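Any value given below was found using the heavy atoms of this structure, including those in side chains, with hydrogens, waters and symmetry copies removed. The sequence lines fix the lettering, A, B, ..., with proteins before strands; numbering per chain opens at 1. Keep in mind it's a predicted model, so treat the numbers as computed, not measured.
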Protein chains: 2
Amino acid sequence: MIDPRPASAPPRRTAAEGVYLALKRDIITLRHRPGAALGEQTLADTYGTSRVPVREACRRLQQEGLLTAIPYKGYFVSPISPKEISDSFELRTAIETRAVALAVTRATDGELARLGELAAIEYTYSDWVSYVEFLDKNLGFHLEVAALSRNDRLFAVLHNLLVSMQRYFFLGLDLGDFGAEMRGEHELLVRHMRSRDAGAAATCAEEQITSSYERIRRALAAADNIEIPITEV
Amino acid sequence: MIDPRPASAPPRRTAAEGVYLALKRDIITLRHRPGAALGEQTLADTYGTSRVPVREACRRLQQEGLLTAIPYKGYFVSPISPKEISDSFELRTAIETRAVALAVTRATDGELARLGELAAIEYTYSDWVSYVEFLDKNLGFHLEVAALSRNDRLFAVLHNLLVSMQRYFFLGLDLGDFGAEMRGEHELLVRHMRSRDAGAAATCAEEQITSSYERIRRALAAADNIEIPITEV
DNA sequence: CATTGCAAAATTGTATACAATTCGTATACA
DNA sequence: TGTATACGAATTGTATACAATTTTGCAATG
């Protein structure tokens with residue numbers, strides 16, 4: 001008899017898993033500001049469990065780059081520096097452009113059609129709720145592209161990267177009114193993919209990632225004088 | 001006062017760290033065959049510690065893809081499948097070609113000169129010791145290229161990937177007599193980098209990674225009839 | 001003979017206690 | 001005043017005990 005569980009079993013609902021998810025959410029949404037000091041005992045008290053599950057959660061988040069451990073000081077929410085943002089986008093470009101090219105050669109027409117549906121997302125400017133919803137759907141779109149590459153290892157790495165990059169969008173930066181533009185970009189990308197032009201699709205993806213980075217960079221520069229939680233430890 | 005420790009502090013010599021390193025080495029060198037079953041208690045006995053440090057080590061190795069956990073069965077050394085090898089090389093190509101291109105634009109002449117020294121490595125065919133030594137130096141060369149990209153995040157991901165791929169070279173496959181050829185490839189790559197031609201260097205790197213993959217693929221196909229620890233769980 | 005129920009065994013998850021290490025600070029001393 | 005040092009506080013690391021969950025073997029039953 002074959003194990004009835006799906007290939008990648010969903011993690012059991014355990015205390016460690018709970019702390020991991022809650023802490024991750026709180027870090028990504030910047031409820032814990034970059035640079036904030038945490039401690040195993042404090043976290044254990046906060047989340048109502050003991051230090052052991054907290055340790056496990058923190059080690060995972062550390063490996064994902066969201067937490068930084070300083071021995072005998074505690075855990076710290078990894079600071080967001082301009083270089084970290086730049087590095088992340090650079091790595092993302094390297095991986096995601098390849099993912100797009102691979103997806104073009106491997107995805108079925110049906111899958112690309114479905115991807116087109118996922119691309120039809122926007123947000124309304126200065127509407128926070130709509131913006132957060134958009135972020136979630138946008139992540140889903142890019143993860144789907146990654147999945148269509150049919151490369152599990154690539155998917156895992158890109159997934160981790162994209163999730164940790166979500167944090168940048170919660171900085172409260174005024175990126176501007178780009179809902180429609182981004183939707184257009186997404187749909188253009190899918191169009192290139194559906195016409196099975198790997199080169200054009202990859203180039204298109206690279207341009208879009210670059211312009212996304214530029215939007216953040218500009219907003220960051222413009223917000224230079226206000227309170228941005230970019231810490232220098 | 002600035003913390004006198006280097007930016008990335010070397011991990012303390014702790015029991016968990018010890019188990020992690022030993023287990024990782026044993027997995028990479030295939031002392032633990034792919035598919036082999038391990039268990040927390042067994043490992044704790046083996047390495048002379050308790051289950052807690054073992055758990056931590058296993059979780060890390062799991063995230064790095066070297067271990068697979070099956071609930072209430074134990075940990076298993078991740079099997080090596082043709083698809084896993086293919087996926088890994090694909091991801092490696094995506095990241096390393098970009099690393100090379102970035103290094104070309106960012107490394108100093110001195111750093112590239114030093115890289116040229118690291119490139120001067122060979123192995124003598126059918127000499128296992130020389131081969132293992134070569135593997136280590138070869139990893140060092142590619143890691144140095146990654147470091148010269150000046151992208152910490154890219155470095156971390158590529159580092160993890162390259163280390164886990166070392167396993168493939170311990171399968172006992174007869175890759176053939178390519179010591180001199182690979183040295184030539186390395187030196188050609190460095191030459192392109194020193195002439196600051198990012199495009200040529202990236203293309204060169206991609207070709208070399210592909211040919212490395214082809215060597216493994218051919219050897220794997222040739223060894224199809226003999227005992228290769230490619231497990232299907 | 002297949003299926004179900006159940007209890008024992010195995011494994012993982014969690015809490016707690018304690019050991020080990022490091023840091024900060026106060027104090028002694030030159 | 002500057003420096004060394006010793007001690008206490010804080011933090012992480014480890015072991016052990018126990019609880020929770022799942023698997024497995026076996027027998028009973030249709």
Show the nearest heavy-atom pair for residues Arg106(B) and Ser149(B), with the distance to one decimal.
NH1-O, 2.9 Å

Euclidean distance, atom CD of residue Glu17(B) to atom C1' of dT12(D) [Å, nearest integer]:
14 Å

Is a donor on one side and an acceptor on the other found under 3.5 Å between the side chain of Thr42(B) and the backbone of Leu38(B)?
no

Lys73(B) side chain: which of dT14(C), dT23(D), dG13(C) is closest?
dT23(D)

Just the rounded figure in Å: distance from P of dA9(C) to CD of Glu40(B).
21 Å

Shortest side-chain distance from Thr14(B), nucleotide among dG24(C), dT14(C), dG13(D)
dG13(D)

Could you walk me through whether Leu162(A) and Glu96(A) pass the side-chain contact (heavy atoms from CB on, under 4.5 Å) check?
CA-CA 10 Å; Leu162(A) 290 177; Glu96(A) 193 166 346; 4.2 Å; yes

Measure the distance from OH on Tyr72(A) to P on dT22(C) and round it to the nearest whole Å.
5 Å

I want to check one thing: is the phosphate of dT12(D), taken as OP1 and OP2, less than 4.0 Å away from some side-chain N or O of Arg55(A)?
no

Atom pair distance, as rounded to whole Å: CD1 in Ile70(A) and P in dT22(C)
15 Å

So does Thr49(B) get a side-chain nitrogen or oxygen closer than 4.0 Å to the phosphate oxygens (OP1/OP2) of dT14(D)?
no

Tell me: CZ of Arg13(B) to C1' of dT21(C), nearest whole Å?
16 Å

Determine yes or no for a side-chain-to-main-chain donor-acceptor pair under 3.5 angstrom, with Asp87(B) supplying the side chain and Asp152(A) the backbone.
yes

For Gly39(A), report the nucleic acid contact type (base, sugar-phosphate, nothing); a contact means any heavy atom under 4.0 Å.
nothing

Value in whole Å for how far the P atom of dT11(D) lies from CG of Leu38(A)
12 Å

Whole-Å distance, Asp45(B) CG to dA15(D) C1', equals 13 Å

Would you say the side chain of Arg51(A) and the base of dG13(D) hold a donor-acceptor pair, judged only by whether the two atoms sit under 3.5 Å apart?
yes

Scanning all shown strands, the Watson-Crick or wobble mate of dA30(C) with both distances under 3.5 Å is dT1(D)

Check every strand shown and say whether Ala16(A) touches a base, only sugar-phosphate, or nothing at a heavy-atom separation below 4.0 Å.
sugar-phosphate

Does a side-chain N or O of Arg59(A) approach OP1 or OP2 of dG13(D) to a distance below 4.0 Å, or not?
yes

CD of Gln41(A) versus P of dA15(C): gap in Å, rounded?
11 Å

Would one find more than 12 heavy atoms of other residues, nucleotides or ligands at under 6.0 Å from atom CZ of Arg114(B)?
no

